[in-house]
Amino acid sequence: MNVPAPIRWENGKLLLLDQRRLPGRVVFEEHREVESVVRAIRQLRVRGAPAIGVAAAYAMAIAWRDGDDLEQAAAELRRARPTAVNLAWAVEKMLVALSRGVDLIDAARAIHEEDRAMCEAIGKHGAPLIEPGCRVLTHCNAGALAVSHLGTATAPMYLAHEAGIPFHVYVDETRPVLQGSRLTSWELTQAGIDHTLICDSAAAHLMADGGIDLIIVGADRVTANGDTVNKIGTRSLAIVADYHGVPFYVACPSSTIDPATATGAEVVIEERPATEVVASIPAVAGVKVRNPAFDVTPAELVTAYATEFGVLDDIGECLRRKSVRKP
């Protein structure tokens with residue numbers, strides 16, 4: 001793939017790829033304490049729901065190794081990015097491991113490996129969606145940089161490309177911090193996948209012209225009814241896709257599903273700093289800004305969910321299969 005894994009645990013050290021510097025520079029930073037990891041999560045140095053969860057797991061392991069207060073560490077991590085459910089999921093898994101007397105470094109490694117396996121499975125199940133000559137649209141970055149390996153939305157693309165399937169990807173630039181143009185486009189370039197970068201507002205035009213065959217996006221949280229919380233702009237895509245009859249798929253591991261939250265209306269949507277919107281246009285400094293990081297796509301607009309258990313019409317089926325698999 002030629003895409004660096006965003007999280008490394010080497011010789012007892014946690015190394016996180018600073019994604020703010022991409023695509024210009026590939027820089028890994030060492031993190032030695034929970035507070036440092038919390039800052040990295042808040043500042044989008046490490047981002048993507050699964051990757052945030054893995055980073056949080058290693059932060060908990062570091063706190064345990066250093067004899068810090070684990071409950072306090074857990075609370076600080078949960079507050080770092082409240083919308084991304086993988087963060088709280090990973091922290092809870094680490095606390096359960098602690099209660100069972102498990103070595104927390106081993107527990108963090110297990111979460112890391114589980115994420116790799118789930119991405120592989122999503123790719124395997126989702127790859128048949130991409131047929132020869134297919135034109136795929138994706139939003140934000142749900143690629144290898146957002147997880148441990150392959151990505152979620154991009155996992156089917158990587159495996160289809162590996163299998164020699166010819167297809168084309170349209171990448172939304174994704175406002176306001178350009179995670180599509182800075183990260184997804186860079187990833188696909190590294191992998192040699194044919195793609196075109198477009199402005200977010202051009203997606204509807206391409207669909208109207210019949211230029212898109214399917215859409216695959218990732219998710220930061222999927223609620224019990226199947227509502228999908230993802231990067232701002234995802235809801236707009238789903239509405240336009242429904243109007244034009246374009247299939248709309250959400251790729252997510254079961255760790256991103258939040259069975260404790262009934263619908264997307266109950267999710268607190270994170271607001272990001274105004275500076276992210278106006279940084280490139282200082283002449284309007286001081287203007288009022290709304291910068292919600294996510295929006296909610298209603299379940300009825302989702303064609304199916306690509307998960308580690310298969311491409312499923314009902315997100316509840318993923319939860320049922322996960323429950324059966326538990327020891």
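Computed over heavy atoms, backbone and side chain alike; hydrogens, waters and symmetry mates excluded.
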(message) Ring-plane angle category for H161 and F167, please: parallel below 30°, perpendicular beyond 60°, tilted otherwise.
(response)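 Rings of H161 and F167: perpendicular, as their planes differ by over 60°.
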Do [X] side-chain atoms and [Y] backbone N/O form a donor-acceptor pair below 3.5 Å?
X	Y	result
Q19	L145	yes
E308	S254	yes
D115	S148	yes
E76	V34	no
D258	A260	yes
N291	P273	yes
R81	L44	no
D66	D68	no
E173	I198	no
R221	T83	yes

Looking only at heavy atoms, which two atoms of [X] and [Y] are closest? And how far apart?
X	Y	result
A80	L87	CB-CD1, 4.3 Å
T138	V217	OG1-CA, 4.4 Å
I111	A57	CD1-CB, 3.9 Å
Q179	C140	OE1-SG, 3.1 Å
I105	W9	CG2-NE1, 3.9 Å
V246	I212	CG2-O, 3.8 Å

(message) Tell me which one of H31, R8, E30, R32 satisfies side chain to side chain contact (heavy atoms under 4.5 Å, CB included) with K13.
(response)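 Among the candidates, only E30 passes.
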(request) List the steps, then state whether side chain to side chain contact (heavy atoms under 4.5 Å, CB included) holds for D200 with H139. (result) CA-CA 8 Å; D200 292 0; H139 187 68; 4.0 Å; yes
(message) Side chains of N86 and T256 only: does a donor on one sit below 3.5 Å from an acceptor on the other?
(response)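 There is such a pair (donor and acceptor under 3.5 Å, judged by atom type) between the side chains of N86 and T256.
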(request) Could you verify whether a donor N or O on one side chain and an acceptor N or O on the other, from N141 and R182, lie under 3.5 Å apart? (result)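 R182 and N141 do not have a side-chain donor-acceptor pair below 3.5 Å.
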In Å and rounded to the nearest 0.5 Å, what is the [atom1] to [atom2] distance from [X] to [Y]?
X	Y	atom1	atom2	answer
C134	D213	SG	CG	4.5 Å
D220	R47	CG	CZ	8.5 Å
T297	I239	OG1	CD1	7.5 Å

(request) Only one of E120, E114, E113 passes salt bridge (Lys or Arg N to Asp or Glu O under 4.0 Å) with R116; say which it is. (result)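 Between R116 and the candidates, salt bridge (Lys or Arg N to Asp or Glu O under 4.0 Å) is satisfied uniquely by E113.
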(message) Between R39 and E29, does any NZ, NE, NH1 or NH2 come within less than 4.0 Å of an OD or OE carboxylate oxygen?
(response)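 No salt bridge links E29 with R39.
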(request) Establish whether W89 and V37 are linked, either directly or via other cluster members, by ILVMFWY side-chain heavy-atom contacts under 4.5 Å. (result)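 Yes, W89 connects to V37 through the hydrophobic network.
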(request) Show your reasoning for whether salt bridge (Lys or Arg N to Asp or Glu O under 4.0 Å) applies to D18 and R25. (result) CA-CA 9 Å; D18 187 349; R25 296 180 63 197; over 6 Å; no
(request) Check step by step if salt bridge (Lys or Arg N to Asp or Glu O under 4.0 Å) holds for R78 and E92. (result) CA-CA 10 Å; R78 289 191 188 102; E92 183 59 30; 3.7 Å; yes
(request) Could you please spell out the steps behind the side-chain hydrogen bond (donor to acceptor under 3.5 Å, both in side chains) verdict for S185 and H195? (result) CA-CA 7 Å; S185 184; H195 69 282; 2.9 Å; yes
